[in-house]
Amino acid sequence: VYVRGACDPNVTAIKLTEPAVNLSVHDNLINRCGSGITSDAAWSSVGEILDAKTFLVGRGTIAYERRQSHRYRGFHVAWFRANKPAGQSVLEGFDPETFRFTLTQPREMEVGDRFEVFPYSANWKMHDNTIAGCLRPVVLASHGSATSLFQDNLITRGDADAKSAIEASGAFKLLGNRFHGFE
């Protein structure tokens, strides 16, 4: 994935979004993009509260899993109220026909509370990529997990005005990466 000519701040080469699981991103050449490899978390809001463990989804970007999928069983929920973290829960499951989420334990909720769903074990492996000349080469801004690996990648600044090679705010293992041109 590359931009001809000057680095384009509006181009993102590869974007990964939780709650995706079992991802392998490898052997890519990314050059002169605004963002190289990024991750973020999908979110939704509570639309209606049915009881202390069950709620309906309001607006947001979380994918509605199919009946024959994991249906978010055992996935974690990060809660936010007034844009501030407000705890975590674990999901018992999701009903794709009624759009109901059910928690394993009761929780005080309010309509409009924002939540992000993420897996206990994401199984993400991003390895052997070359990222060069990007303004934000790697931005890992999702929850991640103990099985989220960013390994054996080459990141070079080139002529881009990049402040850092990697920005990571979640649980990611950074192993054996090589950096060139960064302080």
Side-chain angles (χ1 to χ4, degrees), residues 1-3 7-26 28-46 57-65 72 75-91 101 112-158 160-179 181-183:
V1 180
Y2 63 92
V3 172
C7 180
D8 187 340
N10 297 314
V11 174
T12 297
I14 297 174
K15 182 176 181 180
L16 311 171
T17 302
E18 286 177 336
V21 293
N22 303 323
L23 299 178
S24 181
V25 177
H26 61 90
N28 294 286
L29 173 58
I30 299 168
N31 196 2
R32 297 184 181 225
C33 297
S35 297
I37 296 176
T38 67
S39 75
D40 65 2
W43 64 275
S44 280
S45 62
V46 174
V57 176
R59 63 185 184 88
T61 61
I62 290 181
Y64 299 133
E65 289 296 324
Y72 296 124
F75 278 50
H76 292 249
V77 179
W79 294 97
F80 300 87
R81 185 169 289 161
N83 291 325
K84 294 183 180 174
Q88 288 192 14
S89 299
V90 176
L91 285 171
F101 277 101
D113 281 353
R114 190 173 73 91
F115 64 94
E116 298 173 354
V117 175
F118 61 100
Y120 173 76
S121 182
N123 299 325
W124 285 16
K125 186 158 185 188
M126 298 161 275
H127 65 93
D128 296 300
N129 298 289
T130 300
I131 305 166
C134 296
L135 293 174
R136 296 180 78 192
V138 179
V139 180
L140 303 174
S142 55
H143 296 276
S145 73
T147 61
S148 299
L149 307 176
F150 189 81
Q151 184 174 7
D152 296 327
N153 299 285
L154 173 62
I155 304 172
T156 63
R157 179 179 282 173
D161 188 25
K163 303 293 183 237
S164 61
I166 297 178
E167 301 169 44
S169 59
F172 290 89
K173 291 186 179 179
L174 309 176
L175 305 168
N177 297 292
R178 295 168 311 283
F179 310 100
F182 295 91
E183 283 102 35

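Residue numbers start at 1 and run along the sequence shown.
Residues Trp43 and Arg59 form a side-chain contact, since some pair of their non-hydrogen atoms from C-beta on lies under 4.5 Å apart. Looking at His127 and Ser24, their side chains come closer than 4.5 Å, going by heavy atoms from C-beta outward. Residues Phe179 and Ile166 are in side-chain contact: their nearest non-hydrogen atoms beyond the backbone lie under 4.5 Å apart. Using a 4.5 Å cut-off on side-chain heavy atoms (C-beta onward), Val25 and Asn129 make contact. Looking only at side-chain heavy atoms (C-beta outward), Leu16 and Met126 come within less than 4.5 Å of each other. Side-chain contact check for Asn177 versus Val138: every heavy-atom pair is 4.5 Å or farther apart.
In plain terms, the two heavy atoms of Ala78 and His143 that are nearest each other are CB-CE1, 3.6 Å. The two residues Val21 and Ser121 make their nearest non-hydrogen contact at CG1-O, 4.4 Å. Minimum heavy-atom separation, Gly60 to Ser44: CA-OG, 3.6 Å. Smallest separation of non-hydrogen atoms from Lys163 and Arg157: O-NH2, 4.1 Å. The two residues Ala165 and Pro137 have their closest heavy-atom pair at O-CB, 3.4 Å.
Atom CZ of Phe182 has more than 12 heavy atoms from other residues, nucleotides or ligands within 6.0 Å.
Panel note: side chain Glu18, backbone Pro119; no donor-acceptor pair is recorded below 3.5 Å. The backbone N or O of Ala41 sits nowhere less than 3.5 Å from a side-chain atom of Ser142 that would complete a donor-acceptor pair. No donor-acceptor pair closer than 3.5 Å links the side chain of Asn22 to the backbone N or O of Asn123. Using a distance-only test at 3.5 Å, with no hydrogens or angles considered, no donor-acceptor pair links the side chain of Asp128 to the main chain of His26. Without hydrogens or angle criteria, Ser39 side chain to Ala141 main chain gives a donor-acceptor distance under 3.5 Å. Between the side chain of Ser145 and the main chain of Ala122, a donor-acceptor pair closer than 3.5 Å is present.
Between Trp79 and Phe115, the ring-plane angle classifies as tilted under the 30° and 60° cut-offs. Relative orientation of the Phe172 and Trp124 rings is tilted, given thresholds of 30° and 60° on the angle between their planes.
For the atom pair OG of Ser45 and CG of Asp113, the computed distance is 9.0 Å after rounding to the nearest 0.5 Å. Taken from OG1 in Thr12 to CD1 in Ile30, the straight-line distance is 10.0 Å, to the nearest 0.5 Å. Residue Asn31 holds its CG atom at 7.5 Å from OG1 of Thr156, rounded to the nearest 0.5 Å. Residue Arg178 holds its CZ atom at 8.0 Å from CG of Asn153, rounded to the nearest 0.5 Å. Note that CD1 of Ile62 and CZ of Phe118 are 11.0 Å apart. Values are rounded to the nearest 0.5 Å. In this structure, the separation between CG on Asn10 and SG on Cys33 is 11.0 Å, given to the nearest 0.5 Å.
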Step by step, work out the side-chain contact (heavy atoms from CB on, under 4.5 Å) result for Lys173 and Gln151. CA-CA 8 Å; Lys173 291 186 179 179; Gln151 184 174 7; over 6 Å; no
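Residues meeting the side-chain hydrogen bond (donor to acceptor under 3.5 Å, both in side chains) test with Arg114, sequence neighbours left out: Glu116.
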